[in-house]
Asks: 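This is the structure I have questions about; it appears just below.
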Amino acid sequence: MSRPWAITTPIYYVNGLPHIGHTYSTVVADTMARYHRMAGEDVYFQTGMDEHGEKAETAAAENGETPEAYTTRIARTWQTTWDKLGISYDRFIRTTEPDHKIAVQRLAQAQWDAGQIEFREYEGLYCVGCERFLTERDMEDGLCKDHETAPDPRREANYFFKMSEHFAWLADLLEKQPDFIQPARYRNEVLAMIREGSGLDDLCISRPKERLSWGIELPFDPDYVCYVWFDALINYMTGCGYPDQPGWEERWQACEHLIGKDILKPHGVYWPTILHGAGLPLPKALHVHGHWQIADRKVSKSLGNLIDPLRIAERYGFETFRYFMLREMSFGLDGSFSEAVMVERVNAHLSNALGNLLSRTLNMTERYCEGVVPEPGEMGEPEAAVRTAAATAAAEVDRHVRAYESSQALEALFRLVDATNKYVDLREPWKAVKDPERAEEVRTTLYTCCQALRSIALLLAPFVPDAAATMLERLGIAGLAEQARLPADAAAWDTLEAGTATTKGDALFPRLELVADE
RNA sequence: GGCGGUGUAGCUCAGCCGGUUAGAGCGACGGUUUCAUAAGCCGUAGGUCCCCAGUUCAAGUCUGGGCACCGCCA
């Protein structure tokens, strides 16, 4: 049995439509999942929707729908989007599903039994319009900022998880296991959040049903439902099989979470302490990425910075969008999205460097070698250099992908593309072909190019799967991506069989033109 | 107000524990080639490494102060 490995996207809140931020998270997770699958690991990849809570209940009511109908409708839209974009998730989980409800109740019960939960009565200023207690930040001159009304003093009783008792443990964990939250900047932020005097305290994990009914009932008090974050976070474990599926712990402890920096606190503080309080094991790591700034074009303020992935896919092709996000964003830092820059990058990398290499190689193979992978002669210095470049690329891609550094991984991969282009120019097969005595050299050159393209396609498969599949198909080794093992098979040489038919085909990545907005 | 981050060529960024003339990719410009998606290849262009002070034989790289932007908290 191969080694388990799991990855989760954030559990997206059932609200609106996916934009570039969600798409980026999902694409990174998909790329990671595809790579680990190709590395022969037993991969589980989960994404899904967080469907409970006040906001969903309110939105449903505004639409004249039941919460069930509303959340089902929105969830379908999201799932359809991921399907259209070819995201290879293993499960699209919804927090309204029965197994999740069981998981939440079991975990809440475990905390209750462990004495981690306390019932407390408190008083605060409640805004009827907001349907929640306000903090100072929400008010101006004693009025709710949103509703400009005075909040009522109100008493309420709720269940609290004694979260602050676990801060020392968490700080200690982050010292001993610095890789638990990556990159390090976010680990430091979490340490700052739980430092003495930072203000973070215990976590309210319930809502009285009279105020909110759209939630999972607390197992020890039917008058209350779970606070939405407490409910939502547990989805990651539900998907791994908690509590009853045999062997869930193994998968769970190999599970890596991928999130945006906006939800660092729930994932970096709430989640590990909740698990610790319930006496449950932790996932393997938390990987935190930055946000996309939208650089060009006027973006309507009311719509916000909405980049609709389907619209981009329609205009430019999803794989180019995907390539751009993975190549352009330094993991952990903010990135800048602009269609103009995307077009520029994609043309330079995918069309000019890679697409053209494939195109010239296959064209010459067709013209000079009857359209089959030729029988190579002796390998010289330049051929050995390409072979070394492939081995280097395979090793570097592996290292960077495992560290979530997709940008550096693609950079390393394109060094192989460049090396191969330089190699062709050095050998000049279009000249050599005119000299009958150099026939063997031509065959060796084109064999080497095909072999390099095979490595490139394999390494590229997790990033742009469709294009990589097309490349392999044209090289006469369709479906190889499904059987190959990374990184070893991308570094392997002399694996192509002479005589295999190749197909020239159309441009793999036609050059893009910037589409003008209407 | 507190804590943290970021500030390096037009753009996006590398530069680890301080050490030869500060790097890469893209773009720009010039040359060359024709197998190829007006692609490839070769070369060039020159940036006060945010500012000031300090430590050091030596500082983008360490220390202190300042400025700008961002994040978290209050």
Side-chain angles (χ1 to χ4, degrees), chain A residues 135-138 181 183-201 260-269 288-293 295-296 320 323-338 340-369 371 382 396 400 405-415 417-434 442 445-446 449-450 453 467 474 504-513:
Chain A
T135 63
E136 279 183 33
R137 239 201 300 201
D138 302 317
I181 298 177
R185 46 161 41 82
Y186 296 110
R187 182 190 68 125
N188 295 340
E189 278 208 15
V190 167
L191 282 169
M193 289 176 195
I194 58 176
R195 200 170 294 148
E196 192 70 35
S198 70
L200 196 58
D201 201 358
K261 64 181 184 179
D262 52 311
I263 48 176
L264 179 59
K265 195 198 281 184
H267 289 80
V269 181
V288 188
H289 69 248
H291 290 162
W292 284 95
Q293 313 293 334
D296 67 354
T320 59
Y323 172 82
F324 178 75
M325 289 191 288
L326 292 168
R327 177 67 183 80
E328 203 67 8
M329 173 88 100
S330 296
F331 192 82
L333 301 175
D334 285 357
S336 172
F337 179 79
S338 131
V341 174
M342 180 177 82
V343 166
E344 188 180 288
R345 294 282 187 276
V346 165
N347 282 343
H349 301 166
L350 296 181
S351 304
N352 296 353
L354 174 63
N356 186 51
L357 173 64
L358 179 72
S359 181
R360 67 200 300 208
T361 298
L362 293 177
N363 186 58
M364 287 190 280
T365 303
E366 186 172 291
R367 288 171 56 168
Y368 309 154
C369 305
E396 289 187 355
H400 288 303
E405 294 161 349
S406 65
S407 164
Q408 279 127 296
L410 286 168
E411 210 178 310
L413 174 49
F414 273 77
R415 280 196 284 272
V417 175
D418 291 342
T420 310
N421 265 322
K422 288 184 194 356
Y423 166 76
V424 185
D425 277 63
L426 179 75
R427 283 301 194 192
E428 299 180 309
W430 52 90
K431 282 185 186 165
V433 75
K434 292 173 183 160
V442 171
T445 302
L446 291 173
C449 290
C450 289
L453 283 165
R474 293 188 187 174
K504 196 176 145 199
D506 296 331
L508 182 63
F509 294 105
R511 285 178 63 84
L512 300 179
E513 297 284 340

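Just so it is clear: chains get the letters A, B, ... in the order the sequence lines come, proteins before strands, and each one is counted from 1.
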Asks: In whole angstrom, give me the gap between the P atoms of rG25(B) and rC67(B).
Replies: 38 Å
Asks: With sequence neighbours left out, what residues match K431(A) under side chain to side chain donor-acceptor pair (under 3.5 Å)?
Replies: E428(A)
Asks: Roughly, in whole Å, what's the span from NZ in K265(A) to C1' in rC3(B)?
Replies: 13 Å
Asks: With sequence neighbours left out, what residues match K265(A) under side chain to side chain donor-acceptor pair (under 3.5 Å)?
Replies: none
Asks: Rounded to the nearest angstrom, tell me the gap between atom CZ in R327(A) and atom C1' in rC11(B).
Replies: 13 Å
Asks: What is the ring orientation for H349(A) with Y323(A), classed by angle as parallel under 30°, tilted 30 to 60°, or perpendicular over 60°?
Replies: perpendicular
Asks: Give me the distance, rounded to whole Å, that separates rG10(B) from rG27(B) when you measure between the C1' atoms they each carry.
Replies: 7 Å
Asks: On a whole-Å scale, what distance lies between the C1' atoms belonging to rG46(B) and rC29(B)?
Replies: 13 Å
Asks: Along nucleotides 4-9 of chain B, 5' to 3', which nucleotides get a B, which get an S, and which get a -, given that the test is a protein heavy-atom distance under 4.0 Å?
Replies: -SS---
Asks: Only counting residues at least two apart or in another chain, list the ones meeting side chain to side chain donor-acceptor pair (under 3.5 Å) with E396(A).
Replies: R415(A)
Asks: Any pair with a residue in residues 352-362 of chain A that passes side chain to side chain donor-acceptor pair (under 3.5 Å), sequence neighbours left out, goes on the list, sorted by first then second residue, please.
Replies: N352(A)-R511(A), R360(A)-N421(A), R360(A)-D425(A)
Asks: Sticking with atom P, work out how far rA74(B) lies from rC16(B), rounded to a whole angstrom.
Replies: 34 Å
Asks: Name the pairing partner of rG30(B), where a pair is Watson-Crick or G-U wobble with both distances under 3.5 Å, or state none.
Replies: rC42(B)
Asks: Does any nucleotide pair with rG1(B) by Watson-Crick or G-U wobble geometry, both distances under 3.5 Å, and what is it?
Replies: rC73(B)
Asks: Hunt down the Watson-Crick or G-U wobble partner of rU6(B), both distances under 3.5 Å, from any strand shown, or write none.
Replies: rA68(B)
Asks: Does rA53(B) have a Watson-Crick or wobble partner in any strand here, with both distances under 3.5 angstrom, and which is it?
Replies: rU63(B)
Asks: What residues, two or more places apart in sequence or in another chain, satisfy side-chain contact (heavy atoms from CB on, under 4.5 Å) together with E366(A)?
Replies: K504(A)
Asks: On a whole-Å scale, what distance lies between the C1' atoms belonging to rU20(B) and rG15(B)?
Replies: 16 Å
Asks: Quick one: list whatever passes salt bridge (charged side-chain N to carboxylate O under 4.0 Å, His left out) with E344(A), sequence neighbours left out.
Replies: none
Asks: The criterion is side chain to side chain donor-acceptor pair (under 3.5 Å); which residues satisfy it with D262(A), sequence neighbours excluded?
Replies: H291(A)
Asks: Calculate the interatomic distance between H349(A) atom NE2 and rA24(B) atom P; express it in whole Å.
Replies: 15 Å
Asks: Show the nearest heavy-atom pair for residues L200(A) and M193(A), with the distance to one decimal.
Replies: CB-O, 3.7 Å
Asks: Could you run down nucleotides 31-44 of chain B 5' to 3' and tag each one B, S or - for protein heavy-atom contact under 4.0 Å?
Replies: ---SBBB-SBSS--
